[in-house]
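A short worksheet on the structure shown next.
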Amino acid sequence: MKKYFFILIIVCFFSSCNNKFLEVVPLNQLSTATFWKTKADADLALTGCYNNWQCWTNVLWFDSMSDNFYDQFYAFEFVANGSYTSTSSVGLWFESQGGSNIWFSYTLIAKCNNFLKNIESVNMDPTTKEEYKAEVRFLRAYDYFFKTQLFGDMPLVTNVLSLDSIPHVRTPVAQVQKFILNELASISQILPVQNNIQSGGHVTAGAAIALKARLELYTGDYSDAMIDAKKVIDMNTYQLNPDYQGMFLPGNATTDKEEILAIDYVNNNISSTFILQLLLPPSYGGYSALGATKSLVDAYETTLGKTIDDPSSGYDPTHPFNNRDARMNMTFLHPGMVWNGKIYNSLDRLLPDGTLNVDYHSDVNSCRTGMNILKYIKGIPISQVPSTYGVNMILIRLAEMYLTYAEAAVETGQNLDIGLQYINQLRARGNLPPATTLTRDLVRRERRVELALEGLRLWDIKRWDIGSTALNGPTYGTRDGSVNMTTGEVAWANSYIQLDTRTFNPTKKYLLPIPQSEIDISGMQQNPGY
Amino acid sequence: MKKKLISLCCYYNSMSKILLKMKLLTFFLFASIASVTANGYSQQIKFTMNLENRTVYQVFQEIEKTSEFIFIYSEKSVDLNRKIDIKVDDETVKSILDQLFKGTNNDYEIHDRQIVILSSEKSEFPTLTGEQPQKKEISGKITDTKGVSLPGVSVVVKGTTSGTVSDSEGKFRISVPADSKALTFSFVGMKSQEIAITGKTTINTTMLEETFGLDEVVAVGYGTQKRANLTGSVSSVDTKQLGGRVATSSTSLLQGLMPGVFVTESSGQPGATIMNVLIRGLGTMNNSSPMVLIDGIEATMNDINPNDIDNINVLKDAAAASIYGTRAANGVILVTTKRGNLGSIKVNYQVHLGSERVIHRPQILNSWDQATLLNEAYANDGLAPIYSAAEIQKFKSGSDPYNYPNSDWYGKLLKTGTDFTQTHNLSFSGGTEKSRFLLSMEYYDQDGLVARTNYKRYNLRFNLDSKVNNWLTVGLNSSLSNSAISEPTNPIGQDPGVAQLFRQVEMIPTTAPIKDANGNYVPWLNGNPLAILENGGSYGRNNYHAVESVFGELTLLKGLVLKGIMGINYSLDDNKLDINSIAYSNGNTQGPNNVTDYLIRAKTITLQSFLTYTKSVNNHNLKLLLGVDRESYTYNYDNLYRNSLPSNSLNQIDAGASSSMTNSGNSSQARIGSYFGRINYDYKGRYLFEANLRRDGSSKFGPGYQWGSFPSFSAGWRLSEEKFIKDLSWINNLKIRGSWGKLGNHNIGDYLYAAKINLGQNYPFGGAMHSGAAVTTANVPNITWESTTEKDLGFDANLFNNKFSATVDYYDRLTDNILANIPVSAVFGLPAPTINAGSMRNKGFEIQVRHNNNIGALNYNIGGNIGINHNKVEKFPKPSLGNQIERVGVPWNSYYGYQCIGIYQSDADAASLPHVVGSPVKAGDLIFKDQNGDGIIDAKDRVVLGNPIPVVTYGFDLSLSYHHFDLMVIFQGAANVYTSLGNIFWPFTDGGTAYNRHLDRTIVQNGQVIKKGYYPRTLINSPSRLDATNFSSFQVLKADYLRLKSLQLGYTLPSKWTEKVNLAKAAVFLSCKNPLTFTKFMKDYDPEINGSSNTANYTYPQTQIYTLGLNVNF
């Protein structure tokens, strides 16, 4: 009887059931079924497209694929010296962006296509909706610009893909570029005319036209480049920043009216341990990841406004860094230079007190070229920096539009006087005397030093096709010698630090290889020379 | 309250009609484990007989046939031919025996499964007329290997049927004819012994457990089965093989003993050894770890104290495992814990004291050779040397030890620890007819080779069995544990823990100084590992774990038993990462200091109930099982962070700067609901059949794809039961068995089928972070179960009184619909979604042989096993062709790259022979083979270079005892296996160090090789170097090995000593883990290292552990 009593208890408690047991849903993710309804959804999705749309390492490290800088850790150098292959795993990335695999990835494009498809079902103010769409179309166009610069032909995808509709045939680069230009022209009508401070980091009409001008310059469409550069300059919402060095330091987000397009950062988004840890000299606790080359040093004019090979330039080989373009000492450190009250010495293994010099160029984590990067860097010992850095990383600024206009003027022979005036405004920031005639050499040299370390040099080398000189032969860093740690005087030796020997292969047409993993999967056509 | 309970039982609604009835009963949270106690068996087994006019002998036979009882009697004292009628209805054996011997001179005693028939007239030795034969008294005590006294052992005079049984204290007294030669001791589950009398009056003996006896009962899914009746493939390790074996973790008990069960251990870090268990090779690209159940509750091997384990059974084929359907595709490990036995309370105390040392360590090049080699590397790259001859001389002479040192980073790191291990185990067990218990405690404390590496473990177990009345038994399995792994951590900003320090000391060249003249630490690239060790902070992983289950067993009707288990498996990880800032000689500080607290809470609730029905009619034996099971799993993660604490000595979150605080967290859930059933049928124990069916529903899949069915069928034929063999006394058992079955696997992430929009896709606009969302994963809604189909053909033999046994298995396992992220073109823009994509096959043989015997006082038991497994990918669309590939026809994850065929002898060769496009190869560089002969080396020239999963795994073990000594030896080996170790083949990687082995390099002068070496010419990070590091066979090494895993020598103190201090038993032993390794793998690293990653070598090295132990029974 007791037995049945037990059974009865169970029957009473457990006689009712339902079928929901296997239904569990994620509690930290939204469901597609309920999304894309309200403006709040659209705001989330728009922000989602901006997330990781570009990475600061793609600005800083890109010059180490050129003759400006040398990268000792992440093998960007191998692009410069011609040994980069389709299976090379080089590059670096933080915050999920940058790096060779990411350059090729369509993550951003997929996000944008998804946004553009689904935004239509959102019930919101039509004008705002068009603006949102224009912003997203810009991000997509920018990404295509970036991809075609690196890889040439790339599949042009403008709709949401399913697993069985992935194209593996590469769209000719001209066709992709035409798409970019059309998009930029179209959205520049929709986006607001604002500078980056006013837009709070959202892309603007100025950014669209400036990118268009850049692409037109790159494709040799000088007259359109000139028109578009002029449009941006004449918007009167941008102005040159008198503080060349400060423009690249934390705080620029709220003061710098020269920014046209930037990756926006706030204090808790970009970690100083990334920027400063990698770039500061070892004596500050950093790794000296990037160093300037002799080639870049030699590009800066003397204060007389002449190149150093000009006997009348006033260049003094025993004091090579004296009387030079002021922007030089804002871009990299050199032996004997006083920075933060300390003398930078990358030349001596031992310091005067007999201890090892951590900044010595062959020490494991010190600057290989002996000339540590300075642009973007504050001289704060690693231990004292706040945990976040908070600098906007500039992608396009007004000075580039001046240079674009000037170059287009030289190449077309039109409006040379306006071009010269623009160039001289930039030279003034370097304490250089105004130039009197606008020449191709002047514009190219000015472009190189003004935009050093902003990630554009490789693409300039490419369109000017100067690889056989810029990316060929031995690469040097600073001249050897010994630094007097009291006076900062350098006793120079007759040799230079040699970094490597570069071999330029013109068949590659300055393009990166399609990653082998992609070829393995999709059978995509490889670029020539790989 | 009522409503809550109601919602608990939900999913049973969809049950089939057959199960509907059962539903009412199932939730009775009761049930049981079929552990049978000494006298319990005779109470448990009920007989229904109606025999007329049978002889006593026939009745004995009938009882022996339908039960596990054995009769022991002297023919002279029992009239076997007396005819009698027996009529019982669901009554115990006692009723039969009472009827049988009513009115005779015979009496009986029941000892577990033995029934001893005695004569009340004490006339077992008939007297000869007028002559009293000379007799003598022999007495003694019988214990098991653990010194526990054994009651009920039958002691028979050899050559007669007269004898006695031992009493409740294991003592016996027998009078034997003076001319008797020997006594035979026998007991169910123990090996029979024969001991010569030769003048002795006292015979004390230890019974050895009969491991491979046919009556051995092995655990199978939701029950037990006699080994003789198994039709599936089950490998076992029991108390005898485990007994007293020193183990750092329960997983290590699986090593070397079972064919097809392969365990690798790739680190020696206290508490953090990385153990990988594979059963019959790798069956899926997903989690390939076998399912582990401890007393029926899913858990992990880490959850259990090795000393609490009674036996481990590994269900290897589909027939054995399919009752666990969903999660059984990788095999199932059933762990049964020890339980209390009937009798007075026994106390066992064990202590182990141990010390460890490194087996293999990287040999790092001294500073002067390092400097010379670095200069050579620079010269090879056409660059100026780094060190002058004078500087190299300074390194060598040690005249300036602060600037030109020879720093032994690795050696210094290893010397910092105390490496002392102690383990204490204390257990109490005992019980009465009504209630039995086992209470055990473990304290484990291991200090590592590196300062502040430590593992502490506390384990408490309480197992209880209680008989409420004659139809209800309830019980508890309770395990509570706390394990704490602590280790030094670093402010480098990479992985926390001691592995990072090993990475550092393996990278830093000996030319880098450790301290300056003032005694301050000098920083290197990522700081100074010895400074970090001393001041860098600590990382503590503290796990609290409760595995609790209550079970009940309710006898509903004769032969019909309802069992139920309710279990809670709750794990709380309370972890703290306390990172300090470190000041260096140059005035710099590495930091800032910071604290991360994180909690992981994981909970599994299990409810299972099942009915078993047993029925035997005229040699037809039937067993039925029907059950339901449901499990719900919840995972929660919370993380808190702050930095810039005012002092390194503070480590609490609220001491950190509030401006720096961040937090994060997530949660997930998964559920499984199941119905299962099994039919066992045999005819006379000769023809065996078994069928299983499990139906599982999993929340990992979307609606419509959640349910899967997993059937299996198996059959066995015991040839030894056939007449023509039964008479051959040397054959104890011959069995052929075969099986076919399906298994499932759903071991993938949660919610993968669902279309989701991920939050956290943020971006700062105008100086403030804005929340964003985006689709970041692609979902395929119709994904469903991986299904594994396995065929097994097996053969078991036991020969010569069970002295030899052999088991052979052939299996063929096809895993289909493997859930995998099929590589997808980057143009897709989303990571590859999880789909049912691939299939792979594992095919192989397993052989196990064992022989045990005694030569005089020497008892030995020797076993060997080998598993040969061939893995082959059968289907995998669009494989990614990285360094490891999935390609149809070759083993999964095979190494893939260029084939290295030598070294260029001259620049001219390098220029003319095929090489990687664009690669500036020179004399002294590696030559890759141009497989397709097109004159260039490119992606098309890559070939398969080796299999990371061993094809052959084997082991052998030996245990022997001689008087008071015993010895146990276990070997494990693997063959036909390959490993790659990343960057270690090139010196100076990323500014790193060179090793002694790199001295054996190729030296080049003027474009010609002037000295041949194993390694190519030395380079720094140059273009040629980049090309050389293209993945090739140069980096893939054969990692075959044979390792003496365990060597243990014990001495049991003579009882005349121990009795004086009232100890039942005392034994001391010396044990060594990994004392010997035979391998051709590189000397610097352990062959068990987990290859396939660039940082594999950056781990705490594998160790040898020497242990001294004492084992005492009260």
Side-chain angles (χ1 to χ4, degrees), chain A residues 6 10-11 13-14 16-22 24 26-30 32 35 44-45 47-48 50-51 78 81-83 85 87 104-107 109-111 114 155 161 166 168 200-201 253 264-266 269 273 285 355-356 358 362 364-365 381 383 387 498 516-518 520-522 530, chain B residues 5-6 9-14 24-25 27-28 382-383 386 403 493 516 525 586 588-589 591 643 660 666-667 669 671 673 697 699 706 751 755-758 761-767 769-775 823 825-830 878 880-881 916-918 939 991 1023 1026 1030:
Chain A
F6 271 89
I10 303 315
V11 172
F13 278 120
F14 298 104
S16 166
C17 293
N18 61 61
N19 271 325
K20 299 272 182 195
F21 184 65
L22 296 179
V24 293
L27 300 173
N28 56 353
Q29 289 159 319
L30 301 168
T32 9
F35 201 70
L44 279 174
T47 308
Y50 273 95
N51 173 263
F78 295 127
N81 68 28
S83 62
T85 71
T87 53
F104 188 82
S105 158
Y106 275 60
T107 305
I109 287 164
K111 271 186 189 176
N114 196 38
L161 293 176
I166 306 168
H168 52 85
D264 267 36
Y265 287 106
V266 289
N269 193 27
T273 50
T355 61
L356 287 172
V358 290
S362 359
V364 59
N365 53 340
S383 57
S387 58
Q498 191 190 331
Q516 187 62 43
S517 59
E518 178 63 30
D520 289 343
I521 293 166
S522 66
Y530 290 100
Chain B
L5 283 167
I6 284 166
C9 74
C10 51
Y11 82 103
Y12 294 101
N13 228 359
S14 47
L24 306 179
L25 309 172
F27 282 81
F28 220 24
L383 303 174
I386 297 292
N403 293 323
D516 69 5
L525 186 64
N586 60 357
N588 274 331
T589 308
N643 66 25
S660 67
N666 60 60
S667 166
Q669 290 179 64
R671 289 179 183 171
S699 67
Q706 291 173 327
Y751 319 122
K756 298 176 299 284
I757 299 199
N758 279 38
Q761 302 285 305
N762 307 335
Y763 190 76
F765 289 116
M769 190 58 85
H770 283 58
S771 291
V775 175
S825 164
V827 177
F828 185 52
L830 290 172
K878 293 185 184 170
S880 124
L881 303 178
V916 175
V917 181
L1026 180 75
N1030 271 315

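Nothing here was measured: the structure is a model prediction, and the numbers come from that model. All chains are named by letter (A, B, ...) in the order of the sequence lines, taking the proteins before the strands, and each is independently numbered beginning at 1.
Under the side chain to side chain contact (heavy atoms under 4.5 Å, CB included) criterion, Thr47(A) pairs with Tyr763(B), Phe765(B), His770(B), not counting sequence neighbours. Partners of Ala45(A) under the side chain to side chain contact (heavy atoms under 4.5 Å, CB included) rule, at least two apart in sequence or in another chain, are Phe35(A), Trp36(A), Phe115(A).
At a 4.5 Å heavy-atom cutoff, the contact between Tyr530(A) and chain B is made by backbone atoms alone. Only the side chain of Leu383(B) comes within contact range of chain A, judged by heavy atoms closer than 4.5 Å. Looking at Tyr751(B), the atoms closer than 4.5 Å to chain A (heavy atoms on both sides) all sit in the side chain, from C-beta outward. The contact between Gln706(B) and chain A is made entirely by side chain atoms (from C-beta outward), counting heavy-atom distances below 4.5 Å. For a residue to count as touching a neighbouring chain, one of its non-hydrogen atoms must lie under 4.5 Å from one of that chain's; by this rule Val358(A) touches chain B with the side chain only. Residue contact with chain B, scored on non-hydrogen atoms closer than 4.5 Å, involves the side chain of Ile166(A) exclusively. For Glu518(A), the part lying under 4.5 angstrom from a heavy atom of chain B is the side chain only.
In this structure, Thr355(A) and Asp516(B) have side chains that are not in contact, with every pair of non-hydrogen atoms separated by 4.5 Å or more. Taking 4.5 Å as the limit, some side-chain heavy atom of Lys756(B) sits within range of a side-chain heavy atom of Pro26(A).
Options Asn403(B), Leu830(B), Ile386(B), Asn758(B) differ in how many heavy-atom pairs under 4.5 Å they form with chain A, and the most are formed by Asn403(B). Between chain A and the residues Gly382(B), Ser825(B), Ala939(B), Ser699(B), the largest count of heavy-atom pairs under 4.5 Å involves Ser825(B).
When all heavy atoms are compared, the tightest approach of Pro155(A) to Val827(B) is CG-CG2, 4.0 Å. Between Pro764(B) and Asp264(A) the shortest heavy-atom distance is CG-O, 3.2 Å. In terms of heavy atoms, Val24(A) sits closest to Gln669(B) at CG2-O, 3.8 Å.
With rounding to the nearest 0.5 Å, the separation of CZ in Phe828(B) from OG1 in Thr107(A) is 11.0 Å.
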